[in-house]
Amino acid sequence: NGASVPDSCACNPGYSGKVVATTTAPYFYSNCSAVACPANSAGTVVPSGCSCNAGYNGTVVASAFPPYYVSTCTPVPCPVNTTGTNLPTGCVCNPGFNGSVSAIAITPFHNSTCTPVFCPANS
């Protein structure tokens, strides 16, 4: 981005590198390269778009400053009636409940089938 090489061109947000004026054609050197999607996100490179992995909530936005993105992808806590730290590390149904929990990439960021177990006969 920038109007001209003498006016200080810079790599676009989501790209690392630099643009430098030279005295020979094409009169600049550029090594702008797309930055890979960060940890806990899916996608190839930031300029093409990254999204938080299943079990994470947030966004990844391109930036003109190192590391050339801003990521707010954070692990989502385990849902009610489950035990565990967060969805990416795994959640299990609480005692007295039956089912499973799996992380997904859209709100509410989990599929949970944990349901209370009925009391046994004669109780």
Side-chain angles (χ1 to χ4, degrees):
N1 69 34
S4 66
V5 173
D7 292 332
S8 299
C9 294
C11 298
N12 286 334
Y15 289 81
S16 66
K18 60 185 174 179
V19 179
V20 178
T22 64
T23 57
T24 57
Y27 306 104
F28 67 87
Y29 165 78
S30 173
N31 67 347
C32 297
S33 59
V35 174
C37 290
N40 304 321
S41 71
T44 307
V45 292
V46 173
S48 296
C50 309
S51 58
C52 297
N53 284 342
Y56 289 82
N57 183 20
T59 60
V60 177
V61 179
S63 168
F65 305 100
Y68 306 105
Y69 60 82
V70 175
S71 175
T72 61
C73 296
T74 54
V76 175
C78 290
V80 297
N81 302 324
T82 67
T83 303
T85 304
N86 56 52
L87 289 166
T89 59
C91 307
V92 294
C93 297
N94 283 342
F97 288 80
N98 183 38
S100 63
V101 181
S102 59
I104 60 173
I106 58 173
T107 302
F109 306 105
H110 70 274
N111 280 331
S112 176
T113 60
C114 295
T115 54
V117 175
F118 292 108
C119 292
N122 304 315
S123 63

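Keep in mind the model is a prediction, meaning the values are calculated, not measured.
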key: Exercise: identify the closest heavy-atom pair between G49 and C37   = O-SG, 4.0 Å
key: Non-hydrogen atoms of C78 and G90 that approach each other most closely   = SG-O, 3.9 Å
key: Interatomic distance, I106 atom CD1 to N111 atom CG [nearest 0.5 angstrom]   = 8.0 Å
From N40 atom CG to C52 atom SG, the distance as rounded to the nearest 0.5 Å = 8.0 Å
Counting only pairs under 3.5 Å, give me each side-chain donor-acceptor contact of residues 13-35, with atom names and distances, residues two or more places apart or in other chains.
residue: T22; atom: OG1; partner: T24; partner atom: O; Å: 3.0
residue: T22; atom: OG1; partner: F28; partner atom: N; Å: 3.1
residue: N31; atom: OD1; partner: K18; partner atom: N; Å: 2.7

key: Inter-residue atom distance I104.CD1 - S112.OG, 0.5 Å rounding   = 10.5 Å
ask   = Any side-chain heavy atom of F109 within less than 4.5 Å of one from L87?
value = yes
request  = Kindly compute the distance separating CG (N94) from CG (N81), expressed to the nearest 0.5 Å.
outcome  = 6.0 Å
inquiry  = Within the structure provided, determine whether V101 and P79 are in side-chain contact (heavy-atom separation under 4.5 Å).
reply    = yes
note = When every non-hydrogen atom of Y56 is compared with those of P88, the smallest separation belongs to CE1-CG, 3.2 Å
request  = Could you tell me whether a side-chain N or O of N86 sits under 3.5 Å from a main-chain N or O of V76, the two making a donor and an acceptor?
outcome  = no
Minimal non-hydrogen separation, Y68 against A64, with atom names = CE2-O, 3.5 Å
Flag side-chain contact, heavy atom, 4.5 Å: P38 against V60 = yes
